[in-house]
Amino acid sequence: MSNDKKSKLIRLSKSCLSESEKRAVIRVLDHEFLGMGAEVKEFEDRLSDYFQRPAVCVVNGTAALHLAVQACQIGPGDEVLVPSLTYVASYQAISATGACPVSCEVDPEDCLLDLSDAARRISSKTKAVMPVHYSGGVGNLEAVYKFAEQHGLRVIEDAAHAFGTVHKGKRIGSYGDIVCFSFDGIKNITSGEGGCVVTSDEAILTRIRDARLLGVEKDSDKRFAGQRSWEFDVGAQGWRYHMSNIMAAIGIEQLKRFPEFSTKRKELAKLYDSLLKNAKRIKTLNRDYDSVVPHIYPIRIGDLPDREALRKRLLDYGIQTGLHYQPNHQLSFYASGSAPALPVTEKIYSELLTLPLHPDLDEEDVRYVSEMLIKELNHVG
Ligand SMILES: *Cc1c(COP(=O)(O)O)cnc(C)c1O
């Protein structure tokens with residue numbers, strides 16, 4: 001490509017919406033029932049079909065994680081193992097219950113929870129482990145479950161990045177203890193904001209269905225029937241975490257379009273891999289994009305003196321980049337005085353750079369981003 005400067009901005013990520021989502025929202029608005037009703041019920045039913053087991057929809061992915069931790073009756077005095085390399089949502093969901101997130105290292109090859117490091121951080125207070133399916137990959141998930149079984153821990157999967165990923169022939173969410181997804185604007189499917197919890201545990205499901213509606217017992221069934229509870233009991237702390245019909249209407253249409261999104265994301269990531277694999281300084285993540293549906297495309301760049309300068313030059317070419325994620329153990333709220341340093345995570349973070357990935361990009365965009373990146377890295381010397 002000869003012209004370096006592109007007139008359009010290649011966005012890091014974005015929502016991809018068609019007329020079908022817009023029409024679906026208008027139908028809900030015309031019907032004038034915006035709260036949790038028929039559309040949320042339909043979205044839950046479609047998700048339950050998709051995962052082949054019950055799904056409960058909530059207002060966002062953080063709420064899904066928070067309710068999952070709470071439903072495990074984890075709270076003050078308890079600890080949850082979580083990789084530091086995640087969005088702060090994972091941490092806030094844990095600390096919202098009063099429990100303490102215990103920061104763990106990730107494996108530099110795949111940026112997923114390092115179980116040998118997690119094992120060293122287990123204490124008598126540890127109640128659960130929250131693996132984060134960074135960028136859509138899940139790594140050796142069997143080992144996470146074996147580890148949890150050995151130590152008597154619940155597993156709450158932060159699958160915010162992994163909607164659609166298949167592992168050993170099985171869809172993420174279709175099995176496992178408790179699996180949480182996010183449908184925020186830029187995730188693999190969106191409902192505007194939104195999220196869901198998927199599990200086969202009936203006690204957990206009941207607690208979450210009640211807790212999303214201020215703890216009002218069995219209110220979910222009433223709302224799905226277009227009614228409300230006027231007289232009821234509340235047996236536990238709840239929140240206003242239910243999904244609205246407007247959100248679900250978007251989510252239903254996005255789920256129908258998911259095969260198209262999934263194919264596109266995988267193809268673009270494969271193309272990035274093939275273009276960048278042998279480039280100087282660049283290390284691509286260890287992911288098999290035949291089965292992983294990538295939410296983001298992060299790479300690692302070794303020996304880079306000034307990442308911000310590189311990002312600025314890429315932006316001059318119209319290429320937006322991101323940083324996923326600033327380690328959470330370094331945030332004031334989570335950095336306890338005695339917290340051990342996480343040298344592996346800190347090193348990885350210093351090398352990370354996320355390249356644009358969303359279904360509205362095409363092959364030419366990915367070739368352009370890769371070409372400009374390689375060109376800039378050659379100038380670094
Ligand atoms: C997006 C995200 C969440 C939370 O989802 P929201 O819907 O934004 O609340 C949790 N964990 C990770 C890793 C995420 O990327």
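Atoms within a ligand are numbered from 1 in the order they appear, just like the ligands themselves. Values below: every heavy atom of this structure, side chains too, minus hydrogens, waters and symmetry copies. The chain is numbered in sequence order, starting from 1.
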Within 45° of the six-membered ring axis of [Y] and under 6.0 Å from that ring's centre, is NZ or CZ of [X] located there?
X    : Y    : result
R171 : F51  : no
K270 : Y289 : no
R307 : Y349 : yes

Open item on the list: Here's a test for you: under side-chain hydrogen bond (donor to acceptor under 3.5 Å, both in side chains), which of H379, E308, E376 qualifies with R313?
Closed with: E376

TODO: Write out all pairs satisfying ring pair (Phe, Tyr, Trp, His ring centres under 6.0 Å) with one or both partners inside residues 56-80, taking only residues at least two apart or from two chains.
DONE: H66-W239, H66-Y241

Task: Neighbouring protein residues of ligand 1 - any heavy atom closer than 4.0 Å - done: N60, G61, T62, L65, T86, Y87, A89, S90, D158, A160, H161, S182, D184, K187, G194, Y325

TODO: Look at the rings of F163 and F258 and say which category their plane angle falls in: under 30° parallel, 30 to 60° tilted, over 60° perpendicular.
DONE: perpendicular

